[in-house]
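Remarks on the structure that follows.
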Amino acid sequence: MNLFEAIGVGTIINAKGPATRLSGGIMRDEVAQAMSEASQHCVEIAELQAAASRIIAETTGAEAGYVASGASACLLLATAACMTGLDPGRMGRLPDAKGMNDEVIMVRSQRNFYDHAVRTAGARIVEVGLPDRYAGAGVRDAEAWEIDDAITERTAAVFYVADARARPPLSEVVKVAHARGVPVIVDAAAQLPPQANLKRFISEGADLVAFSGGKALGGPQASGFLCGKRDLIMAAALQHLDHDVFWDLWTPPEFLIDKQHLKGLPQHGIGRSCKAGKEEIMGLLAALRAFTFEGDVIRHARWLKSAEEVANGCLGIVGIEVHIHDAENIEGVPLVVLSLDKAKNDATFVISALQNGNPSIHVDPCQREQNKILINPMCLRDGDPMFIAGAIRKSLT
Ligand SMILES: *Cc1c(COP(=O)(O)O)cnc(C)c1O
């Protein structure tokens with residue numbers, strides 16, 4: 001009996017990928033060990049964050065970095081940093097943004113429910129553009145000049161959600177924003193792989209970029225990191241760290257927090273609810289090291305092997321077509337695609353049968369209306385692929 005079963009919680013087979021609702025993925029031994037070892041010592045958390053900042057900076061090409069409880073937490077911190085700068089009074093007042101720049105510009109087609117994090121900081125989202133390409137009624141989306149048009153003296157930041165389909169291109173957004181002195185925050189939570197994206201948005205000029213630690217990176221589920229400009233990372237850190245200290249006894253690490261620039265010590269800030277412990281920070285750093293050491297080619301081959309095991313196990317099931325999406329694209333994640341048009345049961349039936357089995361199998365249902373089932377190999381353990389194939393066969397015979 002494992003420790004979950006001991007409290008009556010069944011473990012599942014996660015064929016959906018590292019989703020929060022399915023508890024993320026399977027941690028590498030070295031990441032789990034880093035967390036376990038970290039738990040046996042005490043450190044000054046600001047000093048640890050400063051060390052993490054240097055490592056994240058080296059890995060991403062940014063000036064500095066910071067670890068919090070997820071990409072979403074990092075977006076809250078990033079927004080707060082852009083609203084307050086280094087003013088401790090403003091930090092104390094958030095989410096009440098009276099008197100501060102509180103407008104965050106966002107392309108309408110990029111709106112999503114993770115932007116709750118931006119609004120939580122106290123900002124108002126100003127939407128730009130009408131993406132009529134999505135309605136099939138037109139071909140365009142927001143353009144850089146429309147972002148420029150929306151900038152006012154109350155603009156705190158432009159918020160950009162990175163994705164292959166995101167428009168306009170980040171470099172154009174950065175150009176118009178910087179011309180008006182406005183920082184650009186990028187949500188890159190799920191933009192790994194490819195590994196090159198760790199550097200890409202920074203090199204395209206973004207001021208702050210948020211990545212999830214618990215997705216493809218393979219870090220703790222409750223971790224994420226920011227990378228970007230040093231003064232903004234400092235403003236984020238100041239709104240996240242515990243400040244139950246006295247000014248004259250306060251000796252923060254200079255790389256992270258330069259006391260000279262502060263008129264006083266802020267109180268606990270709006271980011272206090274986004275705590276990351278030493279275990280998460282050390283786990284995230286171990287995951288970042290393992291991720292960059294492995295590289296896209298070996299990682300893709302590892303995932304492809306599991307995907308092929310599932311696909312081969314499904315061969316010969318009457319009425320289904322099997323293929324692997326992104327089997328050749330080492331910058332993507334190979335996904336098994338099962339098409340059920342000629343099968344005995346439809347996708348929803350099979351998804352539900354898998355979910356109700358023992359152990360429960362969770363696949364990706366997002367294409368069920370096209371009668372397709374997607375299987376993501378990222379979170380599979382040894383033996384899972386054959387078990388999944390067997391369960392699919394059973395649900396279709
Ligand atoms: C997953 C995701 C997030 C949240 O990441 P967490 O690390 O779980 O907080 C934010 N934005 C996007 C686009 C995501 O896909």
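Read the numbers this way: they start at 1 and go in the same order the structure lists the ligands and their atoms.
Nearest residue to atom 3 (C) of ligand 1 from Ala189, Ser223, Ala68 is Ala189 (criterion: closest heavy atom).
If you check which protein heavy atom lies closest to atom 2 (C) of ligand 1, you get Lys215 NZ, 2.4 Å. The protein heavy atom nearest to atom 8 (O) of ligand 1 is Thr20 OG1, 3.7 Å. Counting only heavy atoms of the protein, atom 7 (O) of ligand 1 lies nearest to Ser212 OG, 2.6 Å. Protein heavy atom in closest approach to atom 11 (N) of ligand 1: Asp187 OD2, 2.7 Å. Nearest protein neighbour of atom 4 (C) of ligand 1, counting heavy atoms only, is Tyr114 CE2, 3.5 Å. Looking at atom 9 (O) of ligand 1, its nearest protein heavy atom turns out to be Ser72 N, 2.9 Å. Of the protein's heavy atoms, Ala71 N, 3.4 Å lies nearest to atom 6 (P) of ligand 1.
For ligand 1, the polar-atom distance check against Leu75 finds no nitrogen or oxygen pair separated by under 3.5 Å. At a 3.5 angstrom cut-off on N or O pairs, Asn112 does not count as close to ligand 1.
If you chain together hydrophobic residues whose side chains sit under 4.5 Å apart, Val209 and Leu285 fall into the same group.
Panel note: side chain Asn371, backbone Ala347; a donor-acceptor pair is recorded below 3.5 Å. Counting only distance, with no hydrogens or angles, the side chain of Asn197 and the backbone of Arg200 share no donor-acceptor pair below 3.5 Å. At least one donor-acceptor pair under 3.5 Å links the side chain of Thr59 to the backbone N or O of Ile55. Judged by distance alone, with hydrogens and angles left aside, the side-chain atoms of Gln110 form a donor-acceptor pair with the main-chain N or O of Arg167 at under 3.5 Å.
The cationic group of Arg368 does not satisfy the cation-pi geometry with Phe349, failing either the under 6.0 Å distance to the six-membered ring centre or the 45° limit from the ring axis.
A donor and an acceptor atom, one from each side chain of His300 and Asp326, are nowhere located under 3.5 Å apart.
Close contacts of ligand 1 with Gly70, meaning ligand atoms under 4.0 Å from a residue heavy atom, involve 7 (O), 9 (O).
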